[in-house]
Amino acid sequence: MNEKRSVDIIQDALFASSVFKEGGENTLNQSYIPESLKYREDNIRRMTQNFRPLFLTQNKGIEGFSTNLALTGPAGIGKTVTARYTIKHLKSMAERHHIKLYTDYKNCWTTRTKTSILRSFLRDQFGVASRGFSDEESTDILIRRLNSEQAYLVLILDEVSVLPQKDIRGFIHLPEEFGAKHRISLVMISRPTEWKVTLSSMVSQRIADVIQFDPYLLEETREILTYRANLAFKTTAISEEILDMVAEISDQTRNLRHGIETLYRAGRAADQQRLDELTPELIRRAKNDVFPEMRADIFEELKTHELFAALSIARRLHHKGITATTIEHSFKNYRIICEEWGLRPNGEAAFRNYLTTLETIGILGKVTKGVKGRKGVRARLTIHDVPAAVLIERIEVFLSRRFQKS
Ligand SMILES: Nc1ncnc2c1ncn2[C@@H]1O[C@H](COP(=O)(O)OP(=O)(O)OP(=O)(O)O)[C@@H](O)[C@H]1O
Ligand SMILES: [Mg+2]
């Protein structure tokens, strides 16, 4: 290829026209906070009301203020974005009222311990390198700093159930170390199963308000996705038909993220194929990619019995109204599935190991501090994000192929 043409390729890839508006692609990022959050007005109001005392204090900053909130609700319905939105605006409101308010957002999947959360906060906000400090020392620095600046901190802990229990307790008891002048507030976000099973008994006495998020209705989903699509795409690139399709996809799983990701991927694919609008075919293809934990290569890594185990849980959860199952129940299903595929089942200990693997790669959400039943405390099993029907279908297709090959 001559030099001229190679340069043309680069020129073209950089500047050829796009279905996205300028900067539009970024508005479909997970971390993007839109200007308006439709149908979350009540949640925003309720979150904010908990911070009223902060603004009512006469001698601003001298008195302490602390509250702990819990946000809970199923996947992809705006818990994270609503928390970030509210805290962002609370901060600017505080500025206007000459109240010094620090805010921070941590996803506990990325920052997995209390120590690392405290350290990164001290580093980012105060420029303090606290490496090598103990938790107590870090906390001490934080407290002194907030006290001396007469400042407050609101910390969002997203996916909080990922933290070790002692760390969650540590955070909840943090304000006590201030004595009378509490200055740290927490917003803890978790899914309902994690909230009910592990968190609520542990922290609920110290939570001022538990704010429940409900899934959007189809019409609401469509309206929100239309708004998000208009932020991201040129008007000529999207049609009503496409919006209907994407709303439908989101509505199937009642997860708005699936719709937003479908839009994003379809947009990227349109650009790659030099199309100037999103087509139904692009949407259909993109839809199949939006369950990241479901990519076929993840199945390749799993042993056949591990796939049977995943299937055993998915089948149980496929029944209407069942959101979690138990090891005992799934083990029974697993034995049946082995029979169906003509393999000898392994024992319960091996089965439990399969579950651990599935949990590690993110297909399975295991909540070990289980419900008390007749047989004592039992683990509860859930699957992440993916609808059970989709999981069943894909595993079965994959298994048939694997069996054919061998
Ligand atoms: N009312 C809304 N208006 C605009 N965008 C929204 C709204 N609600 C949610 N979104 C968008 O939908 C996507 C999913 O929302 P979010 O990440 O907040 O879900 P979540 O409830 O935290 O899910 P998970 O439990 O999986 O973390 C995000 O891209 C978010 O910006
Ligand atoms: Mg979230």
Would you say [X]'s side chain and [Y]'s backbone share a donor-acceptor pair under 3.5 angstrom?
X    : Y    : value
R265 : T262 : no
R183 : I143 : no
Y334 : E348 : no
R254 : D214 : no
N255 : R257 : yes
S148 : R145 : yes
S92  : H89  : yes
D140 : E136 : no
Y227 : S36  : yes
T72  : S190 : yes

Quiz item: How far apart are the C-alpha atoms of L256 and S250, what are their side-chain angles, what is the distance that settles it, and do they pass the side-chain contact (heavy atoms from CB on, under 4.5 Å) test?
Solution: CA-CA 5 Å; L256 203 68; S250 256; 4.2 Å; yes
Quiz item: Residues two or more places apart in sequence or in another chain: which of them pass side-chain contact (heavy atoms from CB on, under 4.5 Å) with R123?
Solution: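 With sequence neighbours excluded, R123 shows a side-chain contact (heavy atoms from CB on, under 4.5 Å) to S120, given in chain and number order.
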Less than 4.0 angstrom from a charged side-chain N to a carboxylate O is my criterion; do [X] and [Y] meet it?
X    : Y    : answer
K332 : E328 : no
R352 : E359 : no
D271 : R268 : no
R285 : E281 : yes
E41  : R45  : no

Practice problem: Please identify each residue that fulfils side-chain hydrogen bond (donor to acceptor under 3.5 Å, both in side chains) with E340, with sequence neighbours left out. | Solution: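 Scan of E340 (side-chain hydrogen bond (donor to acceptor under 3.5 Å, both in side chains), adjacent residues dropped) gives R315.
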Quiz item: Got a sec, which residues hit side-chain hydrogen bond (donor to acceptor under 3.5 Å, both in side chains) with R169, two or more places apart in sequence or on another chain?
Solution: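 For R169, no residue satisfies side-chain hydrogen bond (donor to acceptor under 3.5 Å, both in side chains) once neighbours in sequence are set aside.
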For residues [X] and [Y], determine if any side-chain heavy atom of one lies less than 4.5 Å from a side-chain heavy atom of the other.
X    : Y    : value
V203 : W195 : yes
W341 : I337 : yes
I117 : F171 : yes
T86  : F51  : no
L217 : Y39  : no
F299 : R401 : no
P280 : I242 : yes
Y105 : T80  : yes

Gap between atom [atom2] of [Y] and atom [atom1] of [X] - 0.5 Å precision:
X    : Y    : atom1 : atom2 : value
H305 : N346 : NE2   : CG    : 4.5 Å
S185 : L69  : OG    : CG    : 7.5 Å
L153 : L101 : CG    : CG    : 8.0 Å
F403 : L343 : CZ    : CG    : 4.5 Å
I141 : L118 : CD1   : CG    : 10.0 Å
R46  : L71  : CZ    : CG    : 9.5 Å

What closest approach, in Å, do [X] and [Y] show between heavy atoms, and which atom pair accounts for it?
X    : Y    : value
V246 : G259 : CG1-O, 3.4 Å
E194 : S161 : CG-OG, 3.3 Å
I327 : F351 : O-CE2, 3.8 Å
A269 : L282 : CB-CD2, 3.7 Å
V19  : G267 : CG2-O, 3.5 Å
L358 : E306 : CD1-O, 3.7 Å

Quiz item: S134 and E137: side-chain donor and acceptor closer than 3.5 Å?
Solution: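 S134 vs E137: donor-acceptor pair found between side chains.
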Quiz prompt | Check against salt bridge (charged side-chain N to carboxylate O under 4.0 Å, His left out), E159 and K79 | solution = CA-CA 10 Å; E159 320 262 5; K79 300 182 297 298; over 6 Å; no
Quiz item: Can R40 be said to sit on top of Y216's aromatic six-ring, NZ or CZ under 6.0 Å from centre and within 45° of the ring axis?
Solution: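 Yes; both conditions hold, so R40 lies above the ring face of Y216.
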Count the heavy atoms of every other residue, nucleotide or ligand shown that sit under 6.0 Å from [atom1] of [X], and state whether that count exceeds 12.
X    : atom1 : answer
R335 : CZ    : no
Q212 : CD    : yes
E339 : CD    : no
Q205 : CD    : no
K196 : NZ    : no

Quiz item: Between F233 and F20, does the ring centroid distance fall short of 6.0 Å?
Solution: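 Between F233 and F20, the centre distance is under 6.0 Å.
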Quiz item: Can you check whether Y354 and F308 have ring centres sitting under 6.0 Å from each other?
Solution: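 Ring centroids of Y354 and F308 are no less than 6.0 Å from each other.
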Quiz prompt | Trace of the side-chain contact (heavy atoms from CB on, under 4.5 Å) decision for T304 with R402 | solution = CA-CA 9 Å; T304 298; R402 184 180 270 185; 3.1 Å; yes
Practice problem: Please say which of T103, V187, N68, D104 ends up in a side chain to side chain contact (heavy atoms under 4.5 Å, CB included) with L155. | Solution: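 The residue from T103, V187, N68, D104 that satisfies side chain to side chain contact (heavy atoms under 4.5 Å, CB included) with L155 turns out to be D104.
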Quiz item: What do the steps show when you test L311 against E396 for side-chain contact (heavy atoms from CB on, under 4.5 Å), and what is the final call?
Solution: CA-CA 8 Å; L311 205 51; E396 287 183 344; 4.1 Å; yes
Quiz prompt | Derivation of the side-chain contact (heavy atoms from CB on, under 4.5 Å) call for K106 and S116 | solution = CA-CA 10 Å; K106 289 282 182 264; S116 52; over 6 Å; no
